[in-house]
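First the structure, then my questions, so here it is.
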Amino acid sequence: MTAEPTQEHGYEKGLEPVDGDGHGRGKSAAPGDGHGHDKSAVPPLQRGTRTALFARGLVLLVSFVCMVGFAVLLARATLVPSPGSTDLTHTNLRPGDSISAYLDQPDFKDTIKQIGGNVLLGVPFGVLLPMLMPRARGLVRVAAVTALVMLMVESAQGVLVTGRAFDIDDVLLNTAGALIGYLLAGRRLGRALHPRRHHWWHRWTRRPEAARPGGTPLPEPARPGGTPLPEPAGTGGTPLPGPVVSPARPPVPPRP
């Protein structure tokens with residue numbers, strides 16, 4: 001017996017009512033954007049609304065201004081000549097030598113100033129790079145970019161600036177500071193502004209999806225709210241059988 005849809009419940013009395021328009025499509029649906037994506041999973045600054053776009057642009061502008069200001073401070077702290085320190089500075093190419101010298105100083109304040117100052121000098125890299133350069137996100141990439149920039153700064157110190165010398169330990173301390181800044185704030189800020197990166201190992205760790213020839217996943221049939229349509233079912237939960245078509249019989253010749 002086939003249930004007849006009614007305007008009030010969707011099926012006649014005696015069967016389980018279905019909320020909706022009488023065709024198995026419910027009017028109430030989970031929150032989404034109409035394409036099966038939950039809006040709650042999208043960070044607020046990455047949504048397509050005008051408010052989100054304006055806020056995202058404002059955050060990026062402030063980040064850029066902070067990066068410019070940090071570059072100016074970095075140049076003043078590292079590229080300003082110091083003629084009075086010519087006899088006290090020397091080039092260090094062996095990692096750990098300068099750090100050991102800092103720790104052996106009798107005044108602990110000088111040790112904190114030398115080591116802590118170099119670490120703090122690298123923290124802005126770890127905070128601002130993931131915000132301004134989405135491809136530079138990740139511990140390895142942040143460390144690589146910071147080390148490359150500081151190597152250039154130290155090389156300029158040793159070659160062009162009077163009273164300054166190249167020190168590999170300064171590069172290591174600056175890189176450590178960038179990693180600390182990334183773990184404390186840069187990682188979250190980068191994810192708030194930019195979509196998550198797709199790493200090469202995701203092809204093995206994520207479940208495979210049915211895809212079109214071009215590689216994009218096939219969409220699932222969805223309700224207006226974004227939830228998939230249920231399969232039609234019989235009384236016991238089994239799918240309804242399709243119409244049975246009997247084979248055509250040959251015509252019977254008329255009797256003489």
Side-chain angles (χ1 to χ4, degrees), residues 59-60 62-194 196-197 199-201:
V59 172
L60 290 175
V62 173
S63 303
F64 179 76
V65 173
C66 292
M67 179 62 81
V68 173
F70 169 67
V72 174
L73 294 177
L74 178 65
R76 289 185 177 182
T78 57
L79 301 179
V80 176
S82 180
S85 303
T86 303
D87 298 335
L88 302 177
T89 58
H90 62 279
T91 301
N92 175 34
L93 299 177
R94 298 179 59 183
D97 282 0
S98 294
I99 296 177
S100 299
Y102 297 153
L103 296 175
D104 291 339
Q105 290 180 354
D107 192 353
F108 186 70
K109 292 183 179 180
D110 291 338
T111 301
I112 297 297
K113 181 180 178 181
Q114 294 292 340
I115 296 180
N118 282 297
V119 171
L120 290 177
L121 195 61
V123 171
F125 280 104
V127 177
L128 297 176
L129 278 178
M131 301 173 65
L132 298 175
M133 300 175 61
R135 293 183 177 273
R137 289 179 295 172
L139 286 173
V140 177
R141 298 190 181 191
V142 168
V145 174
T146 305
L148 179 61
V149 173
M150 297 314 300
L151 279 173
M152 296 172 61
V153 172
E154 290 293 326
S155 299
Q157 280 186 340
V159 176
L160 302 176
V161 184
T162 304
R164 304 281 185 175
F166 181 90
D167 195 335
I168 190 62
D169 283 345
D170 290 347
V171 178
L172 297 178
L173 293 174
N174 297 148
T175 305
L179 295 179
I180 294 174
Y182 176 75
L183 293 176
L184 292 179
R187 183 181 181 185
R188 295 182 179 180
L189 293 175
R191 287 185 175 181
L193 291 172
H194 308 288
R196 290 194 175 188
R197 290 173 49 202
H199 300 279
W200 58 269
W201 60 81

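What you see below is based on every heavy atom in this structure, not just the backbone, and it leaves out hydrogens, waters and symmetry mates.
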**Report entry** Shortest non-hydrogen contact from Met131 toward His194
**Finding:** O-NE2, 2.8 Å
Report task. Compare all side-chain heavy atoms of Phe166 with those of Leu151 and state whether any distance is below 4.5 angstrom. Result -> yes
Query raised in the report: Going through the distances and angles, do Leu173 and Ile99 end up as a side-chain contact (heavy atoms from CB on, under 4.5 Å)?
Result: CA-CA 9 Å; Leu173 293 174; Ile99 296 177; 4.1 Å; yes
Query raised in the report: Which atom names give the shortest non-hydrogen contact between Gly186 and Pro130, and what distance separates them?
Result: O-CB, 3.4 Å
Report task. Drop me the distance from Asn92's CG to Asp167's CG, to the nearest 0.5 angstrom. Result -> 4.5 Å
Query raised in the report: Do other residues, nucleotides or ligands put more than 12 heavy atoms under 6.0 Å from Met133 CE?
Result: no
Requested in this report: Identify the heavy atoms of Ala143 and Leu179 that sit nearest to each other, and give their distance.
Outcome: CB-CD2, 3.8 Å
Query raised in the report: Does Arg164 reach the side chain of Thr78, with side-chain heavy atoms less than 4.5 Å apart?
Result: no
**Report entry** Flag, side chain of Thr91 to backbone of Ala165, donor-acceptor distance under 3.5 Å
**Finding:** no
Requested in this report: Would you sort out whether Phe125 and Leu74 count as a side-chain contact (heavy atoms from CB on, under 4.5 Å), showing the intermediate values?
Outcome: CA-CA 11 Å; Phe125 280 104; Leu74 178 65; 4.3 Å; yes
Requested in this report: Determine whether Asn118 and Asp169 make a side-chain contact, defined as any pair of heavy atoms from C-beta on separated by less than 4.5 Å.
Outcome: no
Requested in this report: Look up atom OH in Tyr102 and atom CD1 in Ile112, then write down how far apart they are to the nearest 0.5 Å.
Outcome: 13.0 Å
Query - Contact check, side chains of Met150 and Asp170, non-hydrogen atoms, under 4.5 Å - result: no
Query raised in the report: Looking at Arg141 and Ala136, what are the two nearest heavy atoms and their distance?
Result: CB-O, 3.5 Å
Query raised in the report: Between Leu183 and Leu139, is any pair of side-chain heavy atoms under 4.5 Å apart?
Result: yes
Report task. Quick one: closest heavy-atom pair of Ala147 and Val171, and the distance? Result -> O-CG1, 4.0 Å
Requested in this report: Could you walk me through whether Thr146 and Leu129 pass the side-chain contact (heavy atoms from CB on, under 4.5 Å) test, one step at a time?
Outcome: CA-CA 9 Å; Thr146 305; Leu129 278 178; 4.1 Å; yes
Report task. State, yes or no, whether a side-chain contact exists between Leu103 and Ile115 at a heavy-atom distance under 4.5 Å. Result -> yes
Report task. Answer whether the closest heavy-atom distance between the side chains of Arg137 and Val142 falls below 4.5 Å. Result -> no
Query - Closest approach of Leu128 to Met67 (non-hydrogen atoms, all atoms of both residues) - result: CB-CE, 3.4 Å
